[in-house]
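Report on one structure; see the data block that follows.
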Amino acid sequence: MAEPYKIVVGLEVHVQLLTKTKLFCGCKNQFGQSPNSATCPVCLGLPGTLPVMNRQAFRLAMRAALALNCQIATFTKWDRKNYYYPDLPKNFQISQYDLPFSHDGHLDINIHADPKKGYTPKKIGIIRAHLEEDAGKNMHDESGRGGDTKVDLNRTGTPLLEIVSQPDMNTPDEAIAYLEEVRLLLRELGVSDCEMQEGSLRCDANVNVHIPKADEPKGYAATPLVEIKNLNSFRSVGRAITYEAKRQYDEFLKDPAGYRIEKKLKTTAGWDDPKGKTEVQRHKEEAADYRYFPEPDLVPVVVSGEQIEAVKAEMGELPSAQRARLQTQYGLSPYDAEVFTAKGRAMVSYFEAVAKGMNDGKAAANRISDLVFPAITERKEEIDAFPMNAEAFADFLKATGPLPKQDRLDVFKHVLETGSDVATAMAAKGISTTVDEGKLRSAVIAAIAANPKTVTDYKAGKTAAANKIKGEVMKANKGAPNDVVQRLLEEELGKV
Ligand SMILES: [Zn+2]
């Protein structure tokens, strides 16, 4: 049942950039080093040190911003955000305040409403993306015996890209779809590995609800904004939004005149995953509380049109363009194009090589989904490490084309387990191809020759016309495998 309110969500995503070194010093930027080993006078904020900007960090950030369709500022500067915290030895963070390097973009996302029907596209606005340095990490004693809190400053000064969306998401699913698309995009671009477990992707959700009311000037009443922090998985993002929206609606019902966005400051809340609750913590600091001022130790960055073009040229094909191409070039359904794209470029390359080897995109997609996906999951492997490369898999499919589904699966498993070739695997399993493909092909050629009108219709774009010819072949060759006849027919029709 639909809720009596509309959820409004904007997301702030922080990602760590895949640079070799930190944003303003030469310390190694790598997860998992021993505590406080990757530090130097610059990132420790010792007196007399000066920061120098990492060009590669700026380049990666620009690549991400361009992929998010943002405008790149030709002039951008650095600002100090002042606050005191144990994991921030300088007592300020170098960030970007009023002149971020990019702004006003958008990201097209796909909401998985129904796998059978594909997805629903939606455009999410991007307010800005800016660069800043990360803080260190406080390590609290979790034994429950009240031990010390320690601080690890390895993360201090590592490059962070903050991407701020418009409040354009209206369901938990939309928020998750947005995060999935951001993660896919940044991984494909080599900008970040986006590992939420390692903190290289972090997300805060700004949530409020609109309650329809005919007598309001805007037609609805809006609840105060709450920024939810400590979201450590996409699933908790979804759960936290659902919980918080309901909580705000309940607060509104208790005090419809007072619990309003115009009457209360924005607050922050933590998400307690085991309890499944948000805990409102404090009023959010206003920008003025941070006493932003321009960073005097760094020169502003001037970006030329040629530099923007150079970064654009190294982006490669973006996921949204790839989805469209897989549909037009290989005839994949929107759903299949989405599934393959979501699995990354390596899987798409594998698919394209198999599709070319078989000369049939749809069949390649189906066979990879039936055979390769489950095998990879079971073997806990990436496609790059899968023992059957695309060429071998295409050959396997050709050799086992006439087999019933179960026999093909048995042979596939045997090849994977033993590393033997297909013929040996078939012999070992006592399976043989009883279908004479040459004979079937002759039957297909004869049926095509006997139906010139149907072929003309087919060539004119009536693809269903081919079913008539297929029907005749199947009738005359009882027990012939449907998929083999289909493939032969498509091959032969392609030659007419
Ligand atoms: Zn350093």
Side-chain angles (χ1 to χ4, degrees), residues 12 14-65 72-102 128-140 148-163 191-192 198-200 202 285-304 307:
E12 288 177 22
H14 286 89
V15 293
Q16 287 180 343
L17 302 182
L18 279 172
T19 53
K20 288 199 179 72
T21 54
K22 295 187 181 181
L23 187 51
F24 300 115
C25 66
C27 289
K28 221 176 177 185
N29 174 24
Q30 196 190 329
F31 182 79
Q33 302 175 87
S34 61
N36 297 307
S37 64
T39 57
C40 75
V42 175
C43 55
L44 292 177
L46 300 188
T49 56
L50 287 172
V52 178
M53 187 191 80
N54 179 337
R55 279 176 169 267
Q56 180 60 8
F58 198 87
R59 202 176 171 97
L60 287 180
M62 254 170 68
R63 201 189 286 173
I72 304 293
T74 50
F75 179 90
T76 181
K77 69 174 175 67
W78 304 97
D79 299 282
R80 285 189 184 181
K81 180 179 181 179
N82 296 280
Y83 65 96
Y84 179 86
Y85 208 64
D87 63 12
L88 189 74
K90 293 203 295 256
N91 293 338
F92 63 85
Q93 176 192 26
I94 303 178
S95 181
Q96 299 200 284
Y97 180 50
D98 55 340
L99 294 175
F101 82 91
S102 79
R128 61 187 273 166
H130 70 254
L131 255 176
E132 61 189 25
E133 58 176 347
D134 207 346
K137 208 172 173 185
N138 289 329
M139 321 283 282
H140 303 292
D148 295 338
T149 289
K150 296 168 180 167
V151 63
D152 177 5
L153 296 176
N154 282 349
R155 203 174 69 179
T156 311
T158 56
L160 267 192
L161 178 69
E162 178 172 341
I163 303 165
V191 167
S192 174
E198 296 180 359
S200 65
R202 284 166 260 158
E285 284 84 359
E286 300 289 312
D289 296 329
Y290 290 116
R291 299 288 184 269
Y292 279 99
F293 65 85
E295 167 60 60
D297 291 341
L298 284 163
V299 288
V301 184
V302 177
V303 180
S304 71
Q307 284 168 323

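What you are looking at is a predicted structure, and each value in this text was computed from that prediction instead of being measured.
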task: Evaluate the side-chain hydrogen bond (donor to acceptor under 3.5 Å, both in side chains) criterion for residues T156 and E133: first the C-alpha distance (whole Å), next the side-chain angles of each, then the deciding distance (0.1 Å), finally the verdict.
output: CA-CA 7 Å; T156 311; E133 58 176 347; over 6 Å; no
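- Electrostatic pairing of R202 and D134 counts as a salt bridge here, judged by a charged N lying under 4.0 Å from a carboxylate O.
- Between the side chain of D79 and the backbone N or O of Y97 there is at least one donor-acceptor pair closer than 3.5 Å.
- Within a 6.0 Å sphere centred on CG of D98, other residues, nucleotides and ligands contribute more than 12 heavy atoms.
- Heavy atoms only, all atoms of each residue included: C43 and A38 are closest at SG-O, 4.4 Å.
- Considering CG of N138 and NZ of K150, their distance stands at 12.5 Å, rounded to 0.5 Å.
- At least one donor-acceptor pair under 3.5 Å links the side chain of K22 to the backbone N or O of N154.
- Between K137 and D152 there is no salt bridge, since no side-chain N of the basic residue sits under 4.0 Å from a carboxylate O of the acidic one.
- At least one donor-acceptor pair closer than 3.5 Å links the side chain of S102 to the backbone N or O of A129.
- Put simply, the side chain of Y83 does not reach to within 4.5 Å of the side chain of R291, judged on heavy atoms.
- Scanning both residues, S34 and S37, for their nearest heavy atoms gives O-OG, 2.7 Å.
- Partner of L17 under the side-chain contact (heavy atoms from CB on, under 4.5 Å) criterion, chosen from V191, T158, L160: V191.
- The closest side-chain donor-acceptor pair between H130 and E132 falls under 3.5 angstrom.
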- Show your reasoning for whether side-chain hydrogen bond (donor to acceptor under 3.5 Å, both in side chains) applies to N29 and T19. CA-CA 7 Å; N29 174 24; T19 53; 3.0 Å; yes
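- Contact annotation: the side chain of K77 never approaches that of Q96 to less than 4.5 Å [non-hydrogen atoms, C-beta and beyond].
- Between M139 and V151, the closest side-chain pair of non-hydrogen atoms is not below 4.5 Å.
- Figure legend: R80 and F293 shown without cation-pi pairing, the cationic atom not lying both under 6.0 angstrom from the six-membered ring centre and within 45 degrees of its axis.
- A donor-acceptor pair under 3.5 Å is formed between the side chain of S304 and the backbone N or O of Q307.
- A donor-acceptor pair under 3.5 Å is absent between the side-chain atoms of Q93 and the main chain of A135, judged by distance alone.
- For the pair K81 and Y292, the NZ or CZ position fails the cation-pi test of under 6.0 Å to the six-membered ring centre and within 45 degrees of the ring normal.
- Ion pairing between a basic and an acidic side chain is recognised when a charged N comes within 4.0 Å of a carboxylate O; D87 and R155 show no such pairing.
- G45 and K90 get closest at one heavy-atom pair: CA-CG, 3.3 Å.
- A distance of 9.5 Å separates CD1 of I163 from NE2 of H14, quoted to the nearest 0.5 Å.
- Judged by distance alone, with hydrogens and angles left aside, the side-chain atoms of N36 form a donor-acceptor pair with the main-chain N or O of L153 at under 3.5 Å.
- No side-chain donor-acceptor contact under 3.5 Å links T76 to the backbone of A73.
- At a threshold of 4.5 Å between non-hydrogen side-chain atoms, the residues V52 and L50 do not count as touching.
- Side-chain atoms of N91 and Y84, non-hydrogen and from C-beta on, do get closer than 4.5 Å to each other.
- Side-chain atoms of E198 do not come within 3.5 Å of backbone N or O of S200 as any donor-acceptor pair.
- Within the structure, the ring-ring contact (aromatic ring centres under 6.0 Å, His included) test picks out the following pairs touching residues 16-42 (sequence neighbours left out): F24-W78.
- Partners of Q30 according to the side-chain hydrogen bond (donor to acceptor under 3.5 Å, both in side chains) rule, which considers only residues two or more places apart in sequence or in another chain, are K28.
- Aromatic ring centres of F58 and F101: separated by under 6.0 Å.
- In terms of heavy-atom proximity, V42 sits nearest to P51 at CG1-CA, 4.1 Å.
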